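These numbers come from a predicted model, not from an experiment.
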Amino acid sequence: MRGSRRDGFVSFISGMSVLSIAVGVMALIVVLSVMNGFQKEVRDKMLSVLPHAEIVHTTAPISDWQALAKTVASKNKEIIGAAPYVRSQGLLSSGANIKGVAVTGIEPKAEKSVSNVAPVMRVGKLSDLKPGSFNIVIGTDLARSLGVVPGDKISMMVPQGQFTPAGMVPRMKQFTVSGVFSSGHYEYDSSMSFIHLNDAAALYRTGGPTGLRLKLKDMQEAPVVARNLNSQLQDGYYAFDWSRQNRNWFAAVQVEKRMMGIILFLIVLVGAFGLVSSLVMTVNSKRSDIAILRTQGASQGSIMKIFMIQGMFIGFVGVAIGVGLGLLIAFNVESIVNIIEAMFNVQFLPKDIYLISNMPSEPRADDIIPIAVFSFLLSLAATIYPSWRAARIQPAEALRYE
């Protein structure tokens, strides 16, 4: 009975080792998949209103943007769209509601070739932005904070003032809300607006477009295209890509992902220590059996292989269960989160803090395969010492008191 109780306890420790490894692998896959999905979701929503690359002139407006667009497109096959813009800041007010916004002057027809603002319009169309109409398109959250709907009038104050006998007076212009868009990215939906290029040039007195927005076949090639453009463009022009515009955000996500991976990998390490403990206890409980095998001619290598195979099996089962559960949760995490939010009336991702309100997930093979391989190798490494100790047992010493 004492032996059966001891064997049962060893089995329990082995089961806990399998569980620890499985939980660690599962947590790694789920967390990294959610972080991948979060990064992809935010990036895609950013690029629904932002261009893949831009060209600006450092000292003057771009006099002939069509010619510039044709020139850069002929030299870079990745470029599939170009549109001019004027970008500045403004202060929108409606009644007692005031909001600082980013103002972008666009040419509606050309803009459709470089961004996805037109498809995400909730009310109105980009084509409603006509020269001299002083119409404005704003985000849904911005419209809500200002308390306006399409057709309402709002006032815009621009930083550039004008001199009067009374001193410097800020310029103001009344606009008509002609449309509302929803990119799904809170930062842009709450602080971005679009007006016609000519109206922006007149309001900010730029004399024409201040830059050129570019769309590429593959957004991942944007850094290479920007470098090539900088070597091709004339003096005074400068090109940059979307990754440089949001470098700090993407760098922070990568650092966070790396640190979370290291922290969660410690759970797998705990499982490996449990595996060492279970094998050591197994060796101690099987000393007499090992001694009998040695007296019958079993070599130290064969004894060592027996316990290493047992540890490898425990590690493999733990990793397999962890990968299976991790993928199951990662592919259904949004539905799981929605159920939990509905049951407990909570919101895990307030969009004014996390930019998006849903829980995205993107399992990637280049994350899952290394997690599974390293976890299995760690489990394999954990079997070496107990197996070596089993192989070193001397038959005479083990059978002395049997």
request  = Report the C-alpha separation of Asp152 and Thr176 in whole Å, then their side-chain angles, then the decisive distance to 0.1 Å, and conclude whether the side-chain contact (heavy atoms from CB on, under 4.5 Å) test is met.
outcome  = CA-CA 6 Å; Asp152 289 349; Thr176 302; over 6 Å; no
request  = Go through the steps for Ile106 and Leu129 under the test side-chain contact (heavy atoms from CB on, under 4.5 Å), then give the verdict.
outcome  = CA-CA 9 Å; Ile106 60 172; Leu129 300 178; 4.1 Å; yes
key: Verdict with reasoning, Lys257 to Asn36, per side chain to side chain donor-acceptor pair (under 3.5 Å)   = CA-CA 8 Å; Lys257 179 181 175 182; Asn36 290 336; 2.6 Å; yes
query = What's the verdict on side-chain contact (heavy atoms from CB on, under 4.5 Å) for Phe240 and Val56, showing C-alpha distance, side-chain angles and the deciding distance?
reply = CA-CA 9 Å; Phe240 54 94; Val56 296; 4.0 Å; yes
ask   = When you look at Val137 and Met121, which way does the side-chain contact (heavy atoms from CB on, under 4.5 Å) test go after all the steps?
value = CA-CA 9 Å; Val137 171; Met121 291 290 295; 3.7 Å; yes
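For the pair Asn230 (side chain) and Ala226 (backbone), a donor-acceptor distance under 3.5 Å is present. Between the Ser17 side chain and the Gly274 main chain, a donor and an acceptor come within less than 3.5 Å of each other. Not one N or O on the side chain of Ser302 forms a donor-acceptor pair closer than 3.5 Å with the backbone of Ala298. A donor-acceptor pair under 3.5 Å is formed between the side chain of Asn76 and the backbone N or O of Val72. Under the 3.5 Å distance criterion, the side-chain polar atoms of Asn338 are matched with a main-chain donor or acceptor of Glu334. Of the possible polar contacts, none joining the Asp189 side chain to the Thr140 backbone as a donor-acceptor pair under 3.5 Å is found. For the pair Ser277 (side chain) and Phe273 (backbone), a donor-acceptor distance under 3.5 Å is present. Proximity of a side-chain donor or acceptor of Asp367 to a complementary backbone N or O of Arg364 within less than 3.5 Å is not detected. Judged by distance alone, the side chain of Trp242 and the main-chain N or O of Met219 form a donor-acceptor pair under 3.5 Å. Side-chain N or O atoms of Asp199 include one that pairs as donor or acceptor with a backbone N or O of Phe134 at under 3.5 Å.
Ile329 has its side chain within reach of Met26: a pair of non-hydrogen atoms, C-beta onward, lies under 4.5 Å apart. Taking 4.5 Å as the limit, every side-chain heavy atom of Gln310 sits out of range of all side-chain heavy atoms of Ile306. At least one side-chain heavy atom of Ile79 sits under 4.5 Å from a side-chain heavy atom of Leu216. Using a 4.5 Å cut-off on side-chain heavy atoms (C-beta onward), Thr210 and His57 make no contact. The closest side-chain heavy-atom distance from Lys75 to Lys70 is not below 4.5 Å. The side-chain heavy atoms of Ser375 and Val268, taken from C-beta on, include a pair separated by under 4.5 Å. When side chains are defined from C-beta on, Glu41 does not count as touching Glu362, because their heavy atoms never get closer than 4.5 Å. In this structure the side chain of Arg213 reaches within 4.5 angstrom of the side chain of Thr104, judged on heavy atoms.
Residues Tyr188 and Phe181 keep their aromatic ring centres 6.0 Å or farther apart.
For Phe316, the CZ atom sits in a loose shell: 12 or fewer heavy atoms of surrounding residues, nucleotides or ligands are nearer than 6.0 Å. With a 6.0 Å radius and a threshold of 12 heavy atoms from other residues, nucleotides or ligands, Arg392 has its CZ atom at or below the threshold. Summarising the local packing, CZ of Phe265 is surrounded by more than 12 heavy atoms from other residues, nucleotides or ligands at distances under 6.0 Å. Counting non-hydrogen atoms of other residues, nucleotides and ligands closer than 6.0 Å to CD of Gln234 gives a total of 12 or fewer. Within 6.0 Å of the CG atom in Asp235, the count of heavy atoms belonging to other residues, nucleotides or ligands does not exceed 12.
Contact detail for Gly315 and Ile21: the closest heavy-atom pair is CA-CD1, 4.2 Å. Nearest approach of Ala239 to Leu229, heavy atoms of both residues: CB-CB, 3.7 Å. Met308 and Ile384 get closest at one heavy-atom pair: CE-CG1, 4.4 Å. Taking all atoms of both residues into account, the shortest heavy-atom contact from Tyr237 to Leu68 is CE2-CD2, 3.9 Å. Nearest heavy-atom pair, Pro363 versus Ser33, reported as atom, atom and distance to 0.1 Å: CA-OG, 3.3 Å. Nearest heavy-atom pair, Pro386 versus Val276, reported as atom, atom and distance to 0.1 Å: CG-O, 3.9 Å.
Between atom CG of residue Leu203 and atom CD1 of residue Ile195 there is a gap of 5.5 Å, rounded to the nearest 0.5 Å. For the atom pair CZ (Arg294) and OG (Ser299), the distance works out to 7.5 Å, reported to the nearest 0.5 Å. A distance of 11.5 Å separates CD in Glu54 from NE2 in His52, rounded to the nearest 0.5 Å. The CE atom of Met260 sits 8.0 Å away from the CG atom of Leu32 when rounded to the nearest 0.5 Å. Interatomic distance, CD1 of Ile393 versus NZ of Lys286, reported as 12.0 Å (0.5 Å rounding). One distance of note links CZ of Arg287 with OG1 of Thr282; it measures 13.5 Å at 0.5 Å rounding.
Relative to the ring axis of Phe175, Lys153 does not place its NZ or CZ within 45° and under 6.0 Å from the centre.
Using a cutoff of 4.0 Å between basic side-chain nitrogens and carboxylate oxygens, Arg258 and Glu256 are not scored as salt-bridged. Under the 4.0 Å criterion applied to side-chain N and carboxylate O atoms, Lys215 and Glu78 are not assigned as salt-bridge partners. Under 4.0 Å is where a charged nitrogen must lie from a carboxylate oxygen, and between Arg144 and Asp141 at least one such pair does.
Taking the side-chain contact (heavy atoms from CB on, under 4.5 Å) definition, one finds that Val333 meets it with Val34, Val337, Met359, Ser361, sequence neighbours left out.
No side-chain donor-acceptor contact under 3.5 Å links Glu107 and Asn198.
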